[in-house]
There are 2 protein chains.
Amino acid sequence: MNIDRNSAIVNMNTREKILETAERLFAERGFEATSLRHITTEAGVNLAAVNYHFGSKEGLLREVLKNRIVPMNESRQILLEKSRFQSQDGVVSLERIYEAFLRPFFNIGAPGGDSNGLFLRMLGRISSEKPGFMKGLYQEHFKEIQELFVAAIGEAQPELSREEIHWKFHFALSLMLGSMIQRQRLKFSSNGYCDPDDIEGLIQHLIEFICAGFRSAGQPKSNFKFAGIQP
Amino acid sequence: MNIDRNSAIVNMNTREKILETAERLFAERGFEATSLRHITTEAGVNLAAVNYHFGSKEGLLREVLKNRIVPMNESRQILLEKSRFQSQDGVVSLERIYEAFLRPFFNIGAPGGDSNGLFLRMLGRISSEKPGFMKGLYQEHFKEIQELFVAAIGEAQPELSREEIHWKFHFALSLMLGSMIQRQRLKFSSNGYCDPDDIEGLIQHLIEFICAGFRSAGQPKSNFKFAGIQP
DNA sequence: GTCTATATGGGGATAGAC
DNA sequence: GTCTATCCCCATATAGAC
């Protein structure tokens, strides 16, 4: 039943044990730095089982990611539809759109107890470690959901050009991943002013920051004269 | 004289050859995934030279980063001081502050011809690969420059609380790194609407997005009622 | 400072018995 | 499906000759 992902790893079958342990170790140490031997030892299974069940180390990674990403994107879609249903005219506000986009991302570990956001750090890390791999992942898992959200943003901010929407969407996505990857830095760089473990606060600050960015003029070249300083 | 970093690697001494090649390979493939053998083979030097000159693989990494970061931060400080001097009352606008902060970051490779931003991808990657290592790097190289810029932001936006400034500074930093790490994604995710190789456009869009975030209310909890949707 | 040679330990993957 | 045993590759680091 998989009630508590952190306990009773004994009661899982070999395949599940490997997935469970691999996810944790990939997140903690990175993909390259984690060996199959390390995974199988911690999981208490045989080394050869990985290749039997997943074909290769990369096959294992693909499965680990898929198990998290698919429910996350389903959740995003449901939240967006719910907000659209609750709206007056079918146009969802930017805040609601990004709440639907961000919340499942930060809850991706729940209810598995991934309160440290290890999985999210892994996702960000993989995206910089293996760009080719991520491109495939994008085509398979993120293309559709992105089109859905880009369309919703276009309805919420109809004055934005397609180019502007894509720039800003890219920034929002980069910020979401970056702020999670870099989250531990906030601990020692804010001199105690901010608590990086306050996920709810993080989400709210992020929504505010992102929506402000989407509402900005969108014409920086004409609105703002750059100094043209040479470094 | 080091006129062109990409040519005449033959004319460099062993230490420089190693630094040159290591920087490129760390950036292209990541730290863990790059072997000393690979570096020394491409550089055309002996394997043992790395340990002789840098003590260890991590010592080599430290030196590679230092060679880029120190000039970058000097450049940031100079740009900020120049903008302060040019201002009427010593208060620099947010746009100028972030231009001074961002431009040396994106020009970090120049005039070395790092037009692909490989070094920046490496920096972001290392920060997720080796958090402990980055903490040391932060203390050594980034603490001072951050305090300088946080102070300038506090003067430009005096109504922001310390907590808000640190959140937003963290976001801006995460976005800067994230947008560089994820830059290649923009190629295939924007359907051709945006050109990720247009660094000048990237800088201008970033400044606009970040400054809008800094000018947003700063009190999301009271200004915006969250839906409280459960995923 | 630079080389060869090697110590020492790990890596992913697989063949074949059970 | 799971195991043992092993192939073959690569890693970092160092000792010691030149």
Side-chain angles (χ1 to χ4, degrees), chain A residues 2 8-67 122 125-126 129-130 132-134 136-137, chain B residues 2 8-67 122 125-126 129-130 132-133 136:
Chain A
N2 205 8
I9 203 168
V10 183
N11 294 331
M12 305 164 69
N13 64 33
T14 299
R15 196 188 138 90
E16 286 169 343
K17 284 181 194 166
I18 293 172
L19 278 173
E20 194 80 357
T21 312
E23 176 176 325
R24 182 169 52 80
L25 291 180
F26 285 162
E28 283 172 7
R29 315 160 70 95
F31 178 71
E32 304 278 4
T34 302
S35 69
L36 294 184
R37 282 176 170 82
H38 193 161
I39 294 169
T40 51
T41 303
E42 286 231 357
V45 302
N46 189 274
L47 171 63
V50 172
N51 270 55
Y52 175 77
H53 285 286
F54 303 99
S56 69
K57 192 186 179 187
E58 193 169 297
L60 171 58
L61 173 65
R62 209 181 309 275
E63 203 61 22
V64 164
L65 293 178
K66 184 180 160 191
N67 281 349
M122 174 179 64
R125 178 184 296 199
I126 298 291
E129 244 177 343
K130 302 168 79 68
F133 182 82
M134 276 305 280
L137 212 69
Chain B
N2 204 8
I9 205 169
V10 184
N11 294 331
M12 306 164 70
N13 64 30
T14 299
R15 196 188 137 91
E16 285 169 343
K17 285 181 194 166
I18 294 172
L19 277 174
E20 194 81 357
T21 313
E23 176 176 325
R24 183 169 51 79
L25 291 180
F26 284 162
E28 283 172 6
R29 314 159 71 96
F31 177 72
E32 304 278 5
T34 303
S35 69
L36 295 183
R37 276 182 169 78
H38 195 160
I39 295 169
T40 52
T41 303
E42 288 231 356
V45 304
N46 189 273
L47 171 62
V50 173
N51 271 55
Y52 175 77
H53 285 285
F54 303 99
S56 68
K57 192 186 180 187
E58 195 170 294
L60 171 58
L61 173 65
R62 209 180 309 276
E63 204 61 22
V64 165
L65 293 178
K66 185 180 158 189
N67 282 349
M122 174 178 65
R125 178 184 296 200
I126 298 291
E129 243 177 344
K130 303 168 80 68
F133 182 82

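Sequence lines set the chain letters: A, B, ... in the order given, protein chains first and strands last, and positions in each chain run from 1. Quick caveat: nothing in here was measured; it's all calculated off a predicted structure.
Within the 4.0 Å cut-off from OP1 or OP2 of C/dT4, at least one side-chain nitrogen or oxygen of B/Asn46 is found. A close approach under 4.0 Å does not occur between any side-chain nitrogen or oxygen of B/Ser35 and OP1 or OP2 of D/dC10. Of the side-chain N and O atoms in A/Ser56, none sit less than 4.0 angstrom from OP1 or OP2 of C/dG12. Side-chain N/O atoms of B/His38 include none lying less than 4.0 angstrom from OP1 or OP2 on D/dA11.
When the C1' atom of C/dT4 is taken as reference, atom CG of B/Leu47 falls 11 Å away, rounded to whole Å. Atom CG of B/Leu36 is separated from atom P of D/dT14 by 11 Å (rounded to the nearest Å). For B/Asn13 and C/dG1, the CG to C1' distance is 11 Å, given to the nearest whole Å. Between the CD1 atom of B/Ile39 and the C1' atom of D/dC10 there is a distance of 14 Å, rounded to whole Å. Residue A/Leu25 contributes atom CG, which lies 12 Å from atom P of C/dG11 at whole-angstrom precision. Regarding B/Arg15, its CZ atom lies at a distance of 11 Å from the P atom of C/dT2, rounded to whole Å. Here C/dA15 presents its C1' atom at 15 Å from OH of A/Tyr52, a figure rounded to the nearest Å. One atom, CD of B/Glu16, and another, C1' of C/dG1, lie 15 Å apart when rounded to the nearest Å.
Distance alone, capped at 3.5 Å, places no donor-acceptor pair between the A/Thr21 side chain and the A/Ile18 backbone.
Side-chain atoms of B/Asn51 lie closest to D/dA13 of the nucleotides C/dC3, D/dA13, D/dG1. Counting only heavy atoms from C-beta on, B/Ala48 has its side chain closest to D/dA15 among D/dC3, D/dA15, C/dA13. Of the candidates C/dG1, D/dA13, C/dA13, D/dA13 carries the atom nearest the B/Lys57 side chain, counting heavy atoms from C-beta on.
Judged by distance alone with a 3.5 Å cut-off, no donor-acceptor contact links the side chain of A/Arg37 to the base of C/dG10.
The only option from B/Ile39, B/Leu36, B/Val50, B/Asn51 that meets the side-chain contact (heavy atoms from CB on, under 4.5 Å) definition with B/Lys57 turns out to be B/Leu36.
Residue contacts for B/Thr34: at a heavy-atom cut-off of 4.0 Å it reaches the sugar-phosphate backbone alone, with no base atom in range.
Rounding to the nearest 0.5 Å gives a distance of 11.0 Å between CG of A/Leu19 and NZ of A/Lys66.
Two residues are said to be in side-chain contact when any heavy atoms from C-beta on lie closer than 4.5 Å; A/Glu32 and B/Phe31 fail this criterion. In this structure the side chain of A/Phe133 reaches within 4.5 angstrom of the side chain of A/Arg62, judged on heavy atoms.
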